[in-house]
Amino acid sequence: MAETTTTPAASDRGDLADVGVTGLAVMGRNLARNIARHGHAVAVHNRTSSRVDELVDEHGDEGDFRPSHSLEDFVASLAKPRRVIIMVKAGKATDAVIDELVPLLEEGDIVVDAGNAHFEDTRRRERDLREHGLHYVGTGVSGGEEGALEGPSIMPGGSRESYDALGPILEDIAVDVDGTPCCTYVGPDGAGHFVKMVHNGIEYADMQLIAEAYDLLRSGLGMEPADIAGVFEDWNSGDLESFLVEITARVLRHTDAQTGKPFVDVVVDQAEQKGTGRWTVQSALDLGIPVTGIAEAVFARALSGAAGQRKAVLDKGLAGPSGVRLEGEDAEGFVDAVRQALYASKVVAYAQGFDQITAASAEYGWGVDRGMMATIWRGGCIIRARFLDRIKEAYDADEHLASLLLDDYFASAVDDAQDAWRRVVSAAVRLGIPAPGFSSALAYYDGLRRDRLPASLVQGLRDLFGAHTYRRVDTEGTFHTLWGGDLSEERQDTADQGSHSPH
Ligand SMILES: NC(=O)C1=CN([C@@H]2O[C@H](COP(=O)(O)OP(=O)(O)OC[C@H]3O[C@@H](n4cnc5c(N)ncnc54)[C@H](OP(=O)(O)O)[C@@H]3O)[C@@H](O)[C@H]2O)C=CC1
Ligand SMILES: O=C(CO)[C@H](O)[C@H](O)COP(=O)(O)O
C-alpha cells in the first residue's frame with residue numbers, strides 16, 4: 001500500500017510531517033488515512049478534538065499520523081513549506097479556518113481547500129492569500145467517502161509553483177487508471193473548483209437521466225425494481241458502463257428490511273441538494289452556455305421537493321394520462337430504446353458540461369485542457385464512466401473541438417440512437433411520464449442541428465415592443481423597423497452593443 005512515496009520521508013525533514021489535514025469528518029479523515037497509507041507523515045487536526053483521537057485510536061496503525069489538538073501545534077508540526085489541507089464545510093467554515101490559520105503561516109506555505117467551495121470564493125481567497133505571500137490551492141476532490149480513502153479524482157487549481165510542491169502527494173493518493181493518476185494541474189485560481197463544480201453538475205444530470213430511465217421502465221412497462229436492477233446490471237457491461245449505473249442496480253435491488261418492500265418505495269421522493277448543481281447552472285447563465293441537462297436536473301429536484309404544491313395538485317387531480325402502460329408492439333424493444341435514449345442524452349449532458357468549462361476557461365484565462373479533465377474523471381470520481389475514454393480521445397484529437405457532438409464517434413453514436421431516443425420521448429409524452437432530461441437533451445440536439453431557428457421571430461418581437469434592433473441575413477449592420485410608423489427600416493449604427501449579445 002505504501003510503496004509510491006515521491007516526497008522525502010518525514011525523518012529526512014527534521015521529523016516534521018509532510019502534510020497536514022484539518023477537518024476530519026468523513027472526507028478529511030479518509031483523505032488523511034489515504035495520505036498516511038502512502039507513506040507520508042500526516043499531521044491531523046479537527047475543531048472538535050475527539051475526532052482527532054478517534055482517527056488515531058481506530059487507524060493509527062495505518063501510517064504515520066501526527067495528532068494535534070490546537071491549530072498552533074498542528075502548524076508547528078509541519079515541514080516547510082507547509083502544506084495544509086482544509087477539509088471542512090464549504091462557505092463560512094472554510095473562511096473561519098483560513099482566518100485562524102493565516103497568522104500562523106509563513107511566506108511560501110501552501111493552503112489547500114479540498115472542500116466543495118464556490119469557485120468565486122476560491123478566486124477571492126487566492127487573491128487575499130497571495131497578498132500574504134501564501135499559495136492558495138482550491139482543489140476539487142471527488143469520490144465520496146470511499147474514494148477519499150481508496151483513491152479519489154483530484155482537480156487542483158492555484159499557482160503552478162504550488163502544484164510542483166503539492167502535486168506529487170496528490171498524484172500519489174489519487175486513483176490510477178491505466179498507469180495515469182486521476183489528478184492533474186487544472187489552472188490558476190478558481191479553475192480546480194470550477195471544474196469540480198461542473199463535475200457535480202454533470203453528476204446531477206446523469207442521475208436525473210438514470211432516474212427517468214427507471215421511471216419509464218417501471219411506469220411505462222410495469223417492471224419491478226429488482227427486474228430493473230437486472231437491466232441496469234446488463235447495461236453496465238456496455239457503452240453505459242459507469243459507477244452511477246452500477247450503483248443504480250444496487251439501490252434498485254435493495255429490499256427494505258422493515259417492510260420487505262423495494263427500498264426505492266420507502267424513500268421519500270424529494271431529492272435534496274447541497275448547491276453545487278445550482279451553482280453550475282447559475283454560472284452557465286452568466287457565461288451564456290445552455291447546460292439544459294444540468295438545469296433540468298436541478299429543477300427536477302426542486303419540483304420533487306415542492307411537497308405542498310404536489311399534494312395540492314394530486315388532491316385536485318389535474319387531468320392527464322396516468323397509469324397507462326405500453327403494450328404489444330409499443331412495448332417491444334422498449335427497454336433497449338431506453339438504453340439508447342439514456343446514452344444519447346448522457347452524451348449531450350457531458351457535451352454541455354465541457355462547453356461550460358471551455359467558456360469559463362476563456363473568460364478567466366485558465367487554459368484548461370479538456371482532454372486532461374476527461375482523463376482524470378475516468379477513475380475515482382462519481383461520474384467515472386467508460387465513455388470518458390472516448391471523450392478524452394475526442395479532445396486529444398482536436399483541442400479546439402466546438403462540441404463533443406461533432407466528434408465522429410459521438411456524432412455517429414447519437415445518430416445510431418436517435419430513432420430510439422425519439423420513440424422514448426414520444427412515449428413519455430403520451431404516457432404522461434415526466435422525462436425533462438431526455439426531452440430537453442433531444443431538443444438541444446435538434447436546436448443545434450437546425451439551419452434556421454425561430455430566434456429570428458424573437459428578435460422581431462423585441463424590436464417591435466422595445467426597439468431592441470436586429471441584424472439582417474443579407475447586410476452587415478444593425479436595424480430597426482418603424483413599427484408604429486410607415487414600417488420602413490432604419491440602420492442603427494449607434495445601437496447599444498449589449499442588445500446584440502446572444503448571451
Ligand atoms: N461528503 C462527500 O461525499 C463529499 C464532500 N465534499 C466536501 O468536502 C468537505 C468536507 O465534507 P465532509 O467530510 O462531508 O464534512 P462536512 O461538510 O459535514 O463538514 C464537517 C467538518 O467541518 C468542520 N467544521 C464545520 N464548521 C467549522 C468551523 N466553523 N470551524 C472549523 N471547522 C468546522 C467540522 O468540524 P467539527 O467536527 O468540529 O464539527 C468537520 O470537521 C465539504 O466541503 C464537502 O462539500 C467533497 C466531495 C464529496
Ligand atoms: O461532491 C460530491 C461528489 O463529487 C458530493 O457527493 C455532491 O456534492 C453531492 O451533492 P448533492 O448533495 O447536492 O447531491
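None of these values were measured; they are calculated from a predicted model. Each ligand, and each atom within it, is numbered from 1 in the order the structure gives.
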*Which ligand 2 atoms does I382 reach within 4.0 Å, using its non-hydrogen atoms?*
3 (C), 4 (O)

_Return the closest protein heavy atom for atom 38 (O) of ligand 1 as residue, atom name and distance._
T48 OG1, 2.5 Å

*Identify, for atom 47 (C) of ligand 1, the protein heavy atom at the shortest distance, and state residue, atom and that distance.*
V141 O, 3.3 Å

*Do you see a donor-acceptor pair shorter than 3.5 Å between the side chains of H135 and S159?*
yes

*atom 4 (O) of ligand 2: which protein heavy atom is closest, and how many Å away?*
S142 OG, 2.9 Å

*Provide, to 0.1 Å, the distance between atom 20 (C) of ligand 1 and the closest protein heavy atom, together with that atom's residue and name.*
A25 CB, 3.6 Å

*asked:* Looking at ligand 2, is there an atom of it that comes within less than 4.0 Å of some heavy atom belonging to H199?
replied: yes

*asked:* Any salt bridge linking E106 with R82? Criterion: basic side-chain nitrogen under 4.0 Å from a carboxylate oxygen.
replied: yes

*With heavy atoms under 4.0 Å as the rule, classify the contact between N46 and ligand 1 as side chain, backbone, both or neither.*
side chain

*Verify, without hydrogens or angle tests, whether R378 (side chain) and C182 (backbone) share a donor-acceptor contact under 3.5 angstrom.*
no

*Sidechain-backbone polar pair: N30 side chain, E145 backbone, donor-acceptor under 3.5 Å*: yes

*Hey, can you tell me if Y364 and F119 have their rings parallel, tilted or perpendicular (30° and 60° cut-offs)?*
perpendicular

_Cationic N near anionic O, under 4.0 Å, D239 to K346_ = no

*Atoms of ligand 1, numbered as shown, that sit under 4.0 Å from any heavy atom of G144*: 3 (O)

*With heavy atoms only and a cut-off of under 4.0 Å, state how T22 meets ligand 1: side chain, backbone, both or neither.*
neither

*Would you mind listing which atoms of ligand 1 come within a distance below 4.0 Å of any non-hydrogen atom of L24?*
41 (O)

*Kindly identify the option in K89, M27, H199 whose heavy atom sits closest to atom 17 (O) of ligand 1.*
K89

*asked:* For Y163 and Y185, take the angle between the two ring planes, folded into 0 to 90°, and tell me which bin it lands in: parallel under 30, tilted 30 to 60, perpendicular over 60.
replied: tilted

*Ignoring hydrogens and geometry, is there a side-chain-to-backbone donor-acceptor pair from N200 to E203 under 3.5 Å?*
no

*Side chain of D18, backbone of A41: donor and acceptor closer than 3.5 Å?*
yes

*Looking at ligand 2, does any of its N/O atoms fall within less than 3.5 Å of an N/O of N200?*
yes

*Ignoring angles and geometry beyond distance, decide whether E145 reaches within less than 3.5 Å of ligand 1 through its nitrogen or oxygen atoms.*
no

*asked:* If only side-chain N and O atoms count, and only distance matters, is there a donor-acceptor pair under 3.5 Å linking D128 with H132?
replied: no

*asked:* With nothing but distance in play, are any N or O atoms of R51 less than 3.5 Å from an N or O of ligand 1?
replied: yes

*Hey, is the main chain of I173 close enough, under 3.5 Å, to the side chain of N34 for a donor-acceptor pair?*
yes

*asked:* Main chain of T122, side chain of H193: is a donor-acceptor contact present, judged purely on distance under 3.5 Å?
replied: no

*Among protein heavy atoms, which sits nearest to atom 31 (C) of ligand 1, and what does the distance come to when rounded to 0.1 Å?*
V97 CG2, 3.5 Å

*Going by the order shown, which atoms of ligand 1 are within less than 4.0 Å of some heavy atom of A90?*
43 (O)

_Could you work out, for atom 46 (C) of ligand 1, the closest of N116, N200, T276, I98 by heavy-atom distance?_
N116

*So which bit of V88 gets within less than 4.0 Å of ligand 1, heavy atoms only: side chain, backbone, both or neither?*
both

*What protein heavy atom sits nearest atom 9 (C) of ligand 2, and how far away is it?*
E203 OE2, 3.8 Å

*Taking atom 14 (O) of ligand 1 as the reference point, the nearest protein heavy atom with its distance*: V26 CG2, 3.3 Å

*Before signing off on this row, confirm whether G23 and ligand 1 have an N or O atom pair separated by under 3.5 Å.*
no

*For ligand 1, which atoms, with element, lie under 4.0 Å from some heavy atom of G115?*
7 (C), 8 (O), 9 (C), 43 (O)

*Does the ring center of W377 lie less than 6.0 Å from the ring center of Y395?*
no

*asked:* Can you tell whether the side chains of R29 and E58 come within less than 4.0 Å, N to carboxylate O?
replied: yes

*So which protein heavy atom does atom 26 (N) of ligand 1 come closest to, and at what separation?*
A93 CB, 3.3 Å

*Identify, for atom 13 (O) of ligand 2, the protein heavy atom at the shortest distance, and state residue, atom and that distance.*
Y204 OH, 2.5 Å

*Measure from NZ or CZ of R390 to the centre of the six-membered ring of Y409, then state whether that distance is under 6.0 Å and the direction lies within 45° of the axis.*
yes

*Per-atom contacts of ligand 2 with Q273, taking only distances under 4.0 Å to non-hydrogen atoms*: 13 (O)

*Is the shortest N/O to N/O distance between K196 and ligand 2 below 3.5 Å?*
yes

*atom 27 (C) of ligand 1: nearest protein contact (heavy atom, Å)*: R47 NH1, 3.3 Å

_Please work out, at 4.0 Å between heavy atoms, whether the side chain, the backbone, both, or neither of R301 comes within that distance of ligand 2._
side chain

*Can you find a pair of side-chain heavy atoms, one from R301 and one from M207, that are under 4.5 Å apart?*
yes

